[in-house]
Trainee: 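Shown below is the structure under consideration.
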Amino acid sequence: AQSVTQLDSQVPVFEEAPVELRCNYSSSVSVYLFWYVQYPNQGLQLLLKYLSGSTLVKGINGFEAEFNKSQTSFHLRKPSVHISDTAEYFCAVTLGGGKLIFGQGTELSVKP
Amino acid sequence: DTEVTQTPKHLVMGMTNKKSLKCEQHMGHRAMYWYKQKAKKPPELMFVYSYEKLSINESVPSRFSPECPNSSLLNLHLHALQPEDSALYLCASSHEGEETQYFGPGTRLLVL
């Protein structure tokens with residue numbers, strides 16, 4: 001069965017510092033990978049996705065992620081964060097068929 | 001346009017009430033989804049509709065009744081809910097056969 005592990009439940013960081021949010025998945029077959037962001041009292045917004053092709057994926061708001069098949073990881077990075085990046089971030093995986101499996105989420109808190 | 005709309009934004013209901021949540025998309029997506037999200041938790045899949053037919057029911061109690069009247073609309077009818085059903089209800093949609101799901105802003109439900 002598929003599963004997703006987000007290794008950090010909370011990540012505090014200062015404004016303009018780099019950040020990495022870690023995500024590992026378990027699956028014996030090819031998967032599709034996503035990062036979503038959820039701002040307070042809002043729905044989920046797609047940040048980026050890996051379906052195939054280049055393992056370095058660029059998304060919105062300056063975020064990028066790298067798919068590493070050998071380490072079964074899909075870590076999210078941003079070189080310089082802003083206060084407005086404070087939100088909950090969810091990594092998700094699917095084999096297809098509409099069933100998205102989410103990680104437990106990482107709360108990113110950007111401090112001035 | 002990658003917009004999914006949901007109404008109402010907030011809903012308070014008693015345990016004997018009947019209410020409905022509405023979701024709409026005009027992206028030509030033929031797959032639509034209902035998720036339930038409790039505070040500080042990831043979304044949990046409830047139902048999947050594909051070409052207006054129910055394709056996945058994740059063992060959801062019968063007090064939740066989904067309906068897909070046409071390819072753009074998805075409803076969730078609520079009856080005799082329990083206080084533990086209080087949550088954020090998220091709708092999503094995707095092209096059939098494509099794995100990227102786009103989420104609406106959600107309806108925050110409080111059951112008294």
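Lettering follows sequence order; numbering is per chain, from 1.
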Trainee: Salt bridge between A:Glu88 and B:Lys40, side-chain N to carboxylate O under 4.0 Å?
Mentor: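 A salt bridge is absent here (no side-chain N lies under 4.0 Å from a carboxylate O).
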Trainee: Compare every heavy atom of A:Phe90 with every heavy atom of B:Lys41, then report the nearest pair and how far apart it is.
Mentor: O-CZ, 3.8 Å
Trainee: Between A:Phe34 and B:Glu99, what is the shortest heavy-atom contact and its length?
Mentor: CZ-O, 3.5 Å
Trainee: Give the cluster check for B:Leu76 versus B:Val60: same hydrophobic cluster or not, with ILVMFWY residues linked at side-chain heavy-atom distances below 4.5 Å.
Mentor: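 Linked, B:Leu76 and B:Val60 end up in one cluster.
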Trainee: Counting heavy-atom pairs under 4.5 Å with chain B, which one of A:Thr94, A:Leu100, A:Leu51 comes out on top?
Mentor: A:Leu100
Trainee: From A:Asn41 CG over to B:Arg108 CZ, what is the distance, rounded to the nearest 0.5 angstrom?
Mentor: 5.5 Å
Trainee: Using the rule that two of Ile, Leu, Val, Met, Phe, Trp, Tyr join whenever any of their side-chain heavy atoms come within less than 4.5 Å, decide whether B:Met15 and B:Leu78 are in one cluster.
Mentor: yes
Trainee: Which atoms form the tightest heavy-atom contact between B:Pro42 and A:Gly103, and what is the distance?
Mentor: CB-O, 3.2 Å
Trainee: Could you state the interatomic distance from CZ (A:Phe102) to OH (B:Tyr35), rounded to the nearest 0.5 Å?
Mentor: 5.0 Å
Trainee: Using the rule that two of Ile, Leu, Val, Met, Phe, Trp, Tyr join whenever any of their side-chain heavy atoms come within less than 4.5 Å, decide whether A:Tyr39 and A:Leu21 are in one cluster.
Mentor: yes
Trainee: Please state whether the side chain, the backbone, both or neither of B:Glu58 comes within less than 4.5 Å of a heavy atom of chain A.
Mentor: side chain
Trainee: Would A:Gln42 and B:Phe103 satisfy side chain to side chain contact (heavy atoms under 4.5 Å, CB included), going step by step from the backbone distance to the final call?
Mentor: CA-CA 10 Å; A:Gln42 294 190 27; B:Phe103 285 79; over 6 Å; no
Trainee: May I ask whether B:Leu73 and B:Trp34 are part of the same hydrophobic cluster, defined by side-chain heavy atoms of I, L, V, M, F, W, Y residues being less than 4.5 angstrom apart, directly or through others?
Mentor: no
Trainee: Which pair of heavy atoms, one from A:Lys49 and one from B:Tyr102, lies closest together, and at what distance?
Mentor: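 Minimum heavy-atom separation between A:Lys49 and B:Tyr102: NZ-OH, 4.2 Å.
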Trainee: Are A:Val81 and A:Leu76 grouped together when hydrophobic residues (ILVMFWY) are joined by side-chain heavy atoms under 4.5 angstrom apart?
Mentor: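 Hydrophobic grouping puts A:Val81 with A:Leu76.
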Trainee: Is it true that, when you exclude B:Lys38 itself, more than 12 heavy atoms of the residues, nucleotides or ligands shown sit nearer than 6.0 Å to its NZ?
Mentor: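 Yes, because the 6.0 Å sphere around NZ of B:Lys38 holds more than 12 heavy atoms from other groups.
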Trainee: If you tally heavy-atom pairs under 4.5 Å against chain A, which of B:Val48, B:Ile56, B:Leu88, B:Thr100 wins?
Mentor: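 Winner by heavy-atom pair count: B:Thr100.
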Trainee: Considering only heavy atoms, which portion of B:Gln37 lies under 4.5 Å from any heavy atom of chain A: side chain, backbone, both, or neither?
Mentor: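 Contact with chain A is through the side chain of B:Gln37 alone.
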Trainee: Is it the backbone or the side chain of A:Gln38 that comes under 4.5 Å from a heavy atom of chain B, or both, or neither?
Mentor: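 Looking at A:Gln38, just its side chain touches chain B.
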Trainee: Do you know which of B:Pro43, B:Ala31, B:Cys91 has the most heavy-atom pairs under 4.5 Å to chain A?
Mentor: B:Pro43
Trainee: Please classify the contact between B:Ser94 and chain A as side chain, backbone, both or neither, with a heavy-atom cut-off of under 4.5 Å.
Mentor: neither
Trainee: At a heavy-atom distance under 4.5 Å, which candidate from B:Gly106, B:Ala92, B:Pro105 has the highest pair count against chain A?
Mentor: B:Pro105
